[in-house]
Amino acid sequence: MTSSDLWDEATASRYDDDSAMFSAEVLGPTVDVLAELAGDGAALEFALGTGRVAVPLLDRGVPVTGIELSQPMVDVLRTKVDAGRLPVTVGDMATTRVPGQFSLVYLVFNTLGNLRTQAEQVACFRNAARHLAPGGHFVIELWVPGIRQMPPGQTAVPFEVSPEHTGFDTYDLVTQQGTSHHYTRVDGETYRYGTTNFRYVWPAECDLMAQLAGLEPAARWADWSRAEFTADSPSHVSVWRMPVSGVVGDG
Ligand SMILES: C[S@@+](CC[C@H](N)C(=O)[O-])C[C@H]1O[C@@H](n2cnc3c(N)ncnc32)[C@H](O)[C@@H]1O
């Protein structure tokens, strides 16, 4: 049983409308890094959604397999590519096993946080390690919690304020739980309100989870262009390697 919110049919049908995340400026560098890390091997995407990244990576010549919790998201993917070309198992990325060994496992667009307990996040790292060939890489893309922007006494941090969309995160600093709130204009004066829940996690905690899974640090960048990660970076792309000995941590 997962703690993740289940992405429903209405959410899935709107997902590909976010043109910025589907732009060549975003996807070009993302796919460049992932294709290079996959090398001559195959890639496994955890939480691949509607295939925003998986489909262009496949088009680049990298065989891709997926694990995805939401059948409605997979249904949208299936309007683009069939199961023969891009096999997907519907299940929880913390526990689901798929056949094969992969040179690359990746989990992008902040989705580690969708697992809302530390135990499940550790299990997710271990599940990635289980699928990796010796020398293979696990990559995550994750924001750095925006807590530094929060004045004392406040619990909310806005991340976008425009007539089309107002979004803010609320944080519980005791439990590391958070909720993203979105007010999105649908037409005229009408707005749709939606939320997603997450457990926030710092880069250092990710490193410890990787260590528990038997992975060693390989790189940390601020973004897919491999910019330097600094104290002010709002997100990170982190890479860990399965030792060539292939010895995986307990679990
Ligand atoms: C922000 S979307 C990212 C989709 C895709 N990776 C992308 O970059 O566009 C988050 C996805 O994570 C999936 N998800 C959430 N929790 C999950 C879990 N425990 N196991 C597998 N997939 C999960 C959701 O169903 C949704 O498709």
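Predicted model, so just to flag it, every value in this text is computed and none were measured. Every number for a ligand or one of its atoms is a count from 1 in the order of the listing.
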*At a non-hydrogen distance cut-off of under 4.0 Å, which region of Asn114 contacts ligand 1 (side chain, backbone, both, or neither)?*
side chain
*asked:* Taking 4.0 Å as the limit for heavy-atom contacts, which would you say applies to Thr2 with ligand 1: side chain only, backbone only, both, or neither?
replied: side chain
*Find all atoms of ligand 1 within a distance of less than 4.0 Å from any non-hydrogen atom belonging to Leu115, and give their numbers and elements.*
19 (N)
*Roughly how far, to the nearest 0.5 Å, is CG of Asp92 from CD of Glu68?*
10.5 Å
*Which of the listed options, Tyr15, Phe109, Trp7, holds the heavy atom that is closest to atom 9 (O) of ligand 1?*
Tyr15
*Measure the distances from the heavy atoms of Phe46 to every atom of ligand 1 and state whether one is below 4.0 angstrom.*
no
*How long is the span from the CD atom in Glu9 to the CE atom in Met73, to the nearest 0.5 Å?*
12.5 Å
*Nearest 0.5 Å, what's the CD-NE2 distance between Glu160 and His182?*
9.5 Å
*May I ask whether Glu45 has any heavy atom positioned less than 4.0 angstrom from an atom of ligand 1?*
yes
*Starting from the C-alpha separation in whole Å, work towards a yes-or-no answer on side chain to side chain contact (heavy atoms under 4.5 Å, CB included) for Asn127 and Arg97.*
CA-CA 8 Å; Asn127 201 28; Arg97 272 311 288 269; 3.9 Å; yes
*What is the closest protein heavy atom to atom 25 (O) of ligand 1, and at what distance does it sit?*
Glu68 OE2, 2.5 Å
_Proximal ligand 1 atoms for Met73, defined as those under 4.0 Å from one of its heavy atoms_ = 27 (O)
_Any heavy atom of Ser3 closer to ligand 1 than 4.0 angstrom?_
no
*State yes or no: do Leu115 and Phe138 share one hydrophobic cluster built from I, L, V, M, F, W and Y residues joined by side-chain heavy-atom distances below 4.5 Å, directly or via other members?*
yes
_Heavy-atom distances under 4.0 Å decide this one: backbone, side chain, both or neither, for Met93 against ligand 1?_
both
*Please state which part of Ala47 comes within less than 4.0 Å of ligand 1, counting heavy atoms only: side chain, backbone, both or neither.*
both
_Using a 4.0 Å cutoff against the non-hydrogen atoms of Gly91, which atoms of ligand 1 qualify?_
20 (N), 21 (C)
*Quick one: which ligand 1 atoms are inside 4.0 Å of a heavy atom on Gly49?*
4 (C), 27 (O)
*Does any N or O atom in Ile67 lie less than 3.5 angstrom from one in ligand 1, N or O only?*
no
*Tell me: protein heavy atom nearest atom 8 (O) of ligand 1, and distance?*
Arg52 NH2, 2.9 Å
*In sequence, state the C-alpha distance, the side-chain angles, and the governing distance for Asn114 and Thr196, and then conclude on side chain to side chain contact (heavy atoms under 4.5 Å, CB included).*
CA-CA 8 Å; Asn114 289 36; Thr196 50; over 6 Å; no
*asked:* Among all protein heavy atoms in this structure, tell me which lies nearest to atom 23 (C) of ligand 1, with the distance rounded to 0.1 Å.
replied: Leu69 CB, 3.6 Å
*ILVMFWY network linking Val105 to Val108, side-chain heavy atoms under 4.5 angstrom*: no
*Would Leu44 and Ile67 satisfy side chain to side chain contact (heavy atoms under 4.5 Å, CB included), going step by step from the backbone distance to the final call?*
CA-CA 8 Å; Leu44 170 62; Ile67 295 172; 4.2 Å; yes
*asked:* Between the side chains of Glu36 and Arg226, is the shortest nitrogen-to-carboxylate-oxygen separation below 4.0 Å, so that they form an ion pair?
replied: yes
*Can you sort out which atoms of ligand 1 are near Ser4, meaning under 4.0 Å from one of its heavy atoms?*
16 (N), 17 (C), 18 (C), 19 (N)
*How far apart are the C-alpha atoms of Asp18 and Arg52, what are their side-chain angles, what is the distance that settles it, and do they pass the side chain to side chain contact (heavy atoms under 4.5 Å, CB included) test?*
CA-CA 10 Å; Asp18 184 353; Arg52 181 183 66 91; over 6 Å; no
*asked:* Under 4.0 Å from a heavy atom of Val108: which atoms of ligand 1 are those, numbered in the order shown and with their elements?
replied: 6 (N), 8 (O)
*So, Tyr191 versus Tyr183, ring centres under 6.0 angstrom or not?*
no
_Closest protein heavy atom to atom 19 (N) of ligand 1, given as residue, atom name and distance to 0.1 Å_ = Asp92 OD1, 2.9 Å
_Pair Phe125, Trp240 - check ring pair (Phe, Tyr, Trp, His ring centres under 6.0 Å), show working._
CA-CA 10 Å; Phe125 273 76; Trp240 298 274; 5.3 Å; yes
_Taking 4.0 Å as the limit for heavy-atom contacts, which would you say applies to Met21 with ligand 1: side chain only, backbone only, both, or neither?_
neither
*Between Asn110 and ligand 1, which part of the residue brings a heavy atom under 4.0 Å of the ligand: side chain, backbone, both or neither?*
neither
*State plainly whether the residues Glu205 and Arg199 are in salt-bridge range, i.e. N to O under 4.0 Å.*
yes
